[in-house]
Amino acid sequence: MLYYSTRNHKILRTPSEAIVEGIAPDGGLYLPEQFPAFPMEKLLTLSGIDISVEVLSLLLDDFSKEELKVLVHAAYDNSFENGEIAPIKSVGDHYIMELWHGPTCAFKDVALQLLPHLLTAAAKKCGVRDEICILTATSGDTGSAALSGFSEVEGTRIIVFYPDGGVSPMQKRQMVTCSGKNTAVCAIKGNFDDAQSGVKKIFAEQTPPAGMRFSSANSINIGRLAPQIAYYFTAYRDLVKTGKISFGDRVNFVVPTGNFGDILAGYFAKMMGLPVGMLVSASNENRVLADFFTSGVYDRRREFYLTSSPSMDILISSNLERLIALVCGEEKTERYMKELRENGVYKIEKDDLDTICAEFSAAWVNGEETAETIRTLFEMTGYLADPHTAVGVCAMKKWLAESNKDREANTVVLSTASPYKFTRHVLTALGEQVTEDEFADVKRLEAISGVPIPSSLSALEKATVHHKDVVAIDEMADYVMRKTKEVL
Ligand SMILES: *Cc1c(COP(=O)(O)O)cnc(C)c1O
């Protein structure tokens, strides 16, 4: 099977080529030419690992099942607490799928534990012998998950930039304590946008040393999207197996959304035959997507808010381009993306919006509602949600109150981070004081909630700091060139 660029169907790549390249030469994202059917009749007999292998072998069909099995085991054996990648909890009348039992306690681990293995295997397949150097700018979750994934993976090194003072204390500790010899972590004197622009500039202007190539770990890579499809299938399998639904029933999914990668994986699962009802995109005050699904206008020219759910503080949801291309075609996509670049806004046609709204819905939630949701959910059910998950739960309630379609179908909210990753916000929402000592706060939240702290987070308290670099924005390129020359 081949992959084509969302902006030009003539640009075609094998799955491995698409993974190694990341982004198409015309700036488009890669999409599969067909969506292969998942063997639903086998679903109930498959383990979580089997399901990942099955999904990946259908989409990345230049890999054999045997090869993929090795990669999936390397990624997931021993990296998720209790070996569970996506456990489902019954909460009130609905379900919460917890995707944060991996090493950095956010859902990005599911993809980023696997991506390094896929990337190095894909490079071999393409005859690329270069060492792969990952460059990433992060506002928190991506950096720590990428570091954890790439740490000590042979044939790779990774350099992460984060805004000094712009990530949570826990996120910073996760990054600066990373011990991998092939990792570099550097604070920049600037905000996240400065870090992101700096990295883009390095990609455009710097040439890596001979025998090395730069690559990115962000969610535009099809190798990061594909691993996320599997947990929609495991959620469905688990609901059938526990008698919550009958085989064939539709299930809705509510997804806390930033870059539109996670929810798009749900759409891919639907295209591969999973009985998905509605996919509901949940946003915080940065509600560019909620507005788009209502009006068909994508307008990034708006105020940017820093919220209690920072991983969704985003005004350009890159992966939406893939949905636009599937519905509107490449020609319109090319035009819309040019308009977005040049004017910061585009509008899709009414018919296309109707097509999209048959499958997707959206709701947004402000900071007060998020805190209120954390508090009432805990008081009424004992469930402790992080702010991103709370946005999802509150968005579900709003959506159910407004929509008259599909209310009968069961609904699963994706829980994307551990509450302990955002302890201060959670404690504040519960009406508690916070202190300057992150770990004291973490322990207090555990005492109040009775929910155990993930072991990977408690281990950070005594972990050694390995990274102390800080540079100015205009020193980022020099920093990268210096790090690429270090002998590992
Ligand atoms: C990245 C992230 C999201 C958003 O996921 P997208 O795939 O970018 O839409 C939501 N919640 C958390 C905790 C995240 O880290």
Side-chain angles (χ1 to χ4, degrees), residues 3 5 11 13-30 111-112 114-138 142-163 175 178-188 190 192-224 318 466-488:
Y3 283 72
S5 163
I11 300 179
R13 297 289 185 268
T14 65
S16 293
E17 288 166 348
I19 291 172
V20 172
E21 257 183 59
I23 190 161
D26 64 349
L29 311 187
Y30 287 115
L112 280 165
L114 182 55
L115 180 67
H117 302 283
L118 273 180
L119 190 57
T120 46
K124 268 199 202 111
K125 232 177 249 304
C126 298
V128 172
R129 290 192 210 316
D130 296 342
E131 180 185 342
I132 293 169
C133 177
I134 301 291
L135 300 180
T136 304
T138 185
T142 303
S144 45
L147 282 164
S148 167
F150 281 93
S151 179
E152 309 290 3
V153 172
E154 211 166 308
T156 72
R157 67 178 77 194
I158 174 167
I159 303 171
V160 173
F161 291 103
Y162 69 94
M175 292 192 277
C178 180
S179 63
K181 281 188 282 301
N182 63 337
T183 65
V185 179
C186 183
I188 64 139
F192 172 65
D193 280 333
D194 299 324
Q196 175 120 304
S197 313
V199 166
K200 280 194 183 148
K201 206 159 158 241
I202 295 167
F203 274 119
E205 294 175 4
Q206 302 292 325
T207 312
M212 185 182 287
R213 61 167 62 201
F214 291 143
S215 185
S216 127
N218 70 21
S219 68
I220 54 179
N221 195 312
I222 194 73
R224 222 186 111 174
S318 313
H466 294 281
H467 305 279
K468 292 185 179 154
D469 298 337
V470 186
V471 300
I473 299 161
D474 60 6
E475 295 166 342
M476 288 171 65
D478 284 347
Y479 181 85
V480 166
M481 296 323 279
R482 210 162 60 237
K483 286 287 165 188
T484 55
K485 289 185 189 106
E486 275 178 12
V487 180
L488 297 184

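Treat the numbers as computed from the prediction; the structure is a model and nothing was measured.
Using a distance-only test at 3.5 Å, with no hydrogens or angles considered, no donor-acceptor pair links the side chain of Asn182 to the main chain of Ile158. Ser148 places no side-chain N or O within donor-acceptor distance of the main-chain N or O of Ser144, the cut-off being under 3.5 Å. With hydrogens and angles ignored, the 3.5 Å screen pairs no side-chain donor or acceptor of Thr142 with any backbone N or O of Thr138. Side-chain atoms of Glu475 come within 3.5 Å of backbone N or O of Ala472 as a donor-acceptor pair. Without hydrogens or angle criteria, His467 side chain to Cys186 main chain gives no donor-acceptor distance under 3.5 Å.
A distance of 9.0 Å separates NZ of Lys181 from CG of Leu488, quoted to the nearest 0.5 Å. To the nearest 0.5 Å, atoms OG1 (Thr120) and NZ (Lys125) are separated by 11.5 Å. A distance of 10.5 Å separates CD1 in Ile132 from CE in Met212, rounded to the nearest 0.5 Å. In this structure, Ile202 CD1 and Ser197 OG are separated by 11.0 Å, a value rounded to the nearest 0.5 Å.
When all heavy atoms are compared, the tightest approach of Leu147 to Cys178 is CB-SG, 4.0 Å. The two atoms that bring Thr136 and Ala217 nearest to each other are OG1-CB, 4.1 Å, heavy atoms only. When all heavy atoms are compared, the tightest approach of Thr183 to Gly180 is OG1-O, 2.7 Å. Contact detail for Ala18 and Asn221: the closest heavy-atom pair is O-OD1, 4.4 Å. Taking each heavy atom of Val471 and Met476 in turn, the nearest pair found is CG2-CG, 4.2 Å. Between Cys126 and Val20 the shortest heavy-atom distance is SG-CG2, 4.1 Å.
Side chains of Glu17 and Tyr30: no donor on one and acceptor on the other come within 3.5 Å.
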| side-chain contact (heavy atoms from CB on, under 4.5 Å) between Leu135 and Phe203, worked out | CA-CA 8 Å; Leu135 300 180; Phe203 274 119; 3.9 Å; yes

| query | What's the verdict on side-chain contact (heavy atoms from CB on, under 4.5 Å) for Val160 and Met175, showing C-alpha distance, side-chain angles and the deciding distance? | reply | CA-CA 9 Å; Val160 173; Met175 292 192 277; 4.0 Å; yes

| task | Take Ser215 and Leu119 through the side-chain contact (heavy atoms from CB on, under 4.5 Å) test and state the conclusion after the steps. | result | CA-CA 10 Å; Ser215 185; Leu119 190 57; 4.2 Å; yes

| Stepwise, does the side-chain contact (heavy atoms from CB on, under 4.5 Å) test hold for Thr156 with His117? | CA-CA 10 Å; Thr156 72; His117 302 283; over 6 Å; no

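Residues Ser5 and Leu29 have side chains not in contact (no heavy-atom distance under 4.5 Å, counting atoms from C-beta outward). Between Ile134 and Phe214, every side-chain heavy-atom pair lies at or beyond the 4.5 Å cut-off. Residues Pro25 and Arg13 have side chains in contact (heavy-atom distance under 4.5 Å, counting atoms from C-beta outward). Residues Gln196 and Asn218 form no side-chain contact, since every pair of their non-hydrogen atoms from C-beta on lies 4.5 Å or further apart.
If you look at Phe161 and Tyr479, their ring centroids are closer than 6.0 Å.
Within the structure, every pair that satisfies the salt bridge (charged side-chain N to carboxylate O under 4.0 Å, His left out) test and touches residues 127-138, not counting sequence neighbours, is listed here: Asp130-Arg213, Glu131-Arg157.
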